[in-house]
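Report on the following structure.
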Amino acid sequence: MHGKPVSPAPSAPPGAPVLVVVAHGSRDPRHAATVHALVRAARALRPGLRVETGFLDFNVPAVPALLESLAAEGVRDVVVLPLLLTRAFHAKADLPAVLRAAPPRLRVRQSEVLGPSPLLLAALERRLREAGVTAAERSSTGIVLASAGSSDPEAVAVIEGVAREWRRAGGWRDVLPAYASAALPRTEDAVRALRARGCARVAVAPYVLAPGFLPDRIARGAADADVLAGVLGAAPEVARLLLERHDAARSPLAAALGA
């Protein structure tokens with residue numbers, strides 16, 4: 001798959017700090033297309049910030065090549081934002097290993113992952129509204145918070161915490177987490193469990209950023225649900241969250257702590 005050329009945003013001066021959004025990558029072309037759409041949305045919110053996209057696998061530009069290109073241009077400060085919803089293996093091991101090999105001319109800070117965040121809950125709510133779920137149905141609707149899944153206990157605990165918070169704050173009849181891989185229950189099992197708990201309607205809310213193999217598995221597991229919402233994608237709330245994570249990584253406190 002052809003990558004998009006590395007070029008500064010029109011209003012970003014040469015050598016200005018750069019936000020590098022790092023996605024996992026996928027053979028599914030919908031994945032990269034959605035990532036690029038999200039990055040365009042973030043650029044539109046802050047035209048003065050240069051935002052580039054790199055991938056850990058499958059797509060180009062690969063992160064090492066992108067960092068080399070930026071260093072060769074004279075860029076000195078980079079915030080690397082993992083396009084991940086939890087701190088699982090890619091955030092803890094894969095990406096730090098890549099960044100340790102970055103050109104020494106670059107000052108690289110790795111931001112926090114995207115989740116958890118109230119903005120992600122707002123994006124989930126947006127996708128459910130777009131799928132036809134109304135406010136009047138909240139008290140009778142059960143939600144399956146369907147994530148890609150992880151073997152990392154910390155990541156699973158975060159998803160469970162998001163489900164609890166969403167049930168508490170959202171007014172839904174119930175919210176259950178589900179996983180497309182590595183952990184249980186699966187989406188279809190959570191749908192059945194919500195039916196058994198007396199939910200008149202069941203909606204599946206994919207807690208994933210872009211289409212691909214595991215989101216397709218979530219969709220198949222939602223066959224017996226009443227509603228399947230879209231992936232988070234380029235929701236405005238997610239674009240705002242990218243900028244929040246960038247700003248936090250560049251704050252004086254983060255710099256003092258060596259972030």
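- Both L83 and V79 belong to a single network of hydrophobic side chains, linked directly or stepwise wherever heavy atoms of I, L, V, M, F, W or Y lie under 4.5 Å apart.
- Scanning for side chain to side chain donor-acceptor pair (under 3.5 Å) contacts around S139 gives an empty result, with sequence neighbours left out.
- Annotation: D224, atom CG; neighbour count of heavy atoms from other residues, nucleotides and ligands within 6.0 Å does not exceed 12.
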Evaluate the criterion side-chain contact (heavy atoms from CB on, under 4.5 Å) for residue pair V144 and V202; output intermediate values, then yes/no. CA-CA 7 Å; V144 178; V202 175; 4.2 Å; yes
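- Hydrophobic clustering (side-chain heavy atoms under 4.5 Å, transitive across Ile, Leu, Val, Met, Phe, Trp, Tyr) groups L66 together with V18.
- Nearest heavy atoms, V156 versus S150: CG2-O, 3.3 Å.
- Distance check, rounded to the nearest 0.5 Å: CG of L145 to CD1 of I159 gives 6.0 Å.
- Looking only at side-chain heavy atoms (C-beta outward), P82 and Q110 come within less than 4.5 Å of each other.
- By the side chain to side chain donor-acceptor pair (under 3.5 Å) test, R127 is found to be paired with E130, residues two or more places apart in sequence or in another chain being considered.
- Applying the side chain to side chain donor-acceptor pair (under 3.5 Å) criterion to R126, with sequence neighbours excluded, gives E237.
- Minimum heavy-atom separation, A229 to L128: CB-CD2, 3.9 Å.
- Not counting sequence neighbours, the partners of V227 by the side chain to side chain contact (heavy atoms under 4.5 Å, CB included) test are A131, V133, R201, A203.
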Show your working on side-chain contact (heavy atoms from CB on, under 4.5 Å) between D77 and R107 and close with a plain yes or no. CA-CA 5 Å; D77 290 291; R107 291 186 291 268; 2.7 Å; yes
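- Among all heavy-atom pairs drawn from L38 and G233, the shortest one is CD1-O, 3.7 Å.
- Residues V113 and T86 form no side-chain contact, since every pair of their non-hydrogen atoms from C-beta on lies 4.5 Å or further apart.
- For the pair K92 and D152, the salt-bridge criterion is met [side-chain N within less than 4.0 Å of a carboxylate O].
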Going through the distances and angles, do E160 and V162 end up as a side-chain contact (heavy atoms from CB on, under 4.5 Å)? CA-CA 5 Å; E160 292 173 348; V162 170; over 6 Å; no
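- Atoms CG and CD, from L81 and E244 in turn, are 11.0 Å apart once rounded to the nearest 0.5 Å.
- Between the side chain of R138 and the main chain of G171, no donor-acceptor pair closer than 3.5 Å is present.
- A102 is linked by a side chain to side chain contact (heavy atoms under 4.5 Å, CB included) to L67, V108, counting only residues two or more places apart in sequence or in another chain.
- Across every non-hydrogen atom of P211 and T34, the tightest pair is CD-OG1, 3.2 Å.
- Placement of L84 and V78 in two distinct hydrophobic clusters is found when ILVMFWY residues are connected by side-chain heavy-atom separations under 4.5 Å, directly or transitively.
- Residues V98 and V80 are members of one and the same hydrophobic cluster, defined by side-chain heavy-atom contacts under 4.5 angstrom among Ile, Leu, Val, Met, Phe, Trp and Tyr.
- Panel note: side chain R173, backbone G198; a donor-acceptor pair is recorded below 3.5 Å.
- Using the six-membered ring where Trp is involved, W166 and W172 have ring planes that are perpendicular, over 60° apart on the 30 and 60° scheme.
- Side-chain contact between L228 and P206 is present, with heavy atoms from C-beta onward closer than 4.5 Å.
- R50 is listed as a side-chain neighbour of V75, based on a closest heavy-atom distance under 4.5 Å.
- Taking CG from D28 and CG from N59, the interatomic distance works out to 9.5 Å, rounded to the nearest 0.5 Å.
- Under the 4.5 Å side-chain heavy-atom criterion for grouping Ile, Leu, Val, Met, Phe, Trp and Tyr, V175 is not connected to L194 through any hydrophobic cluster.
- For the pair E165/P116, no side-chain contact is recorded, criterion being any heavy-atom separation below 4.5 Å from C-beta on.
- By the side chain to side chain donor-acceptor pair (under 3.5 Å) test, E188 is found to be paired with no residue, residues two or more places apart in sequence or in another chain being considered.
- A pairwise comparison of heavy atoms in A41 and A239 identifies CB-CB, 3.8 Å as the closest pair.
- With a 4.5 Å cut-off on side-chain heavy atoms, L232 and L85 count as touching.
- Of the inter-residue distances, the one linking H24 atom NE2 with H31 atom NE2 reads 8.0 Å to the nearest 0.5 angstrom.
- In this structure, L114 and S117 approach most closely via the heavy-atom pair O-CB, 3.7 Å.
- Distance check, rounded to the nearest 0.5 Å: CG of L70 to CZ of R105 gives 11.0 Å.
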Before giving the answer on side-chain contact (heavy atoms from CB on, under 4.5 Å), spell out for R46 and D247 the whole-Å C-alpha distance, their side-chain angles and the decisive distance to 0.1 Å. CA-CA 12 Å; R46 193 175 297 177; D247 293 347; 2.7 Å; yes
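- Between the OH atom of Y207 and the CG atom of L124 there is a distance of 6.5 Å, given to the nearest 0.5 Å.
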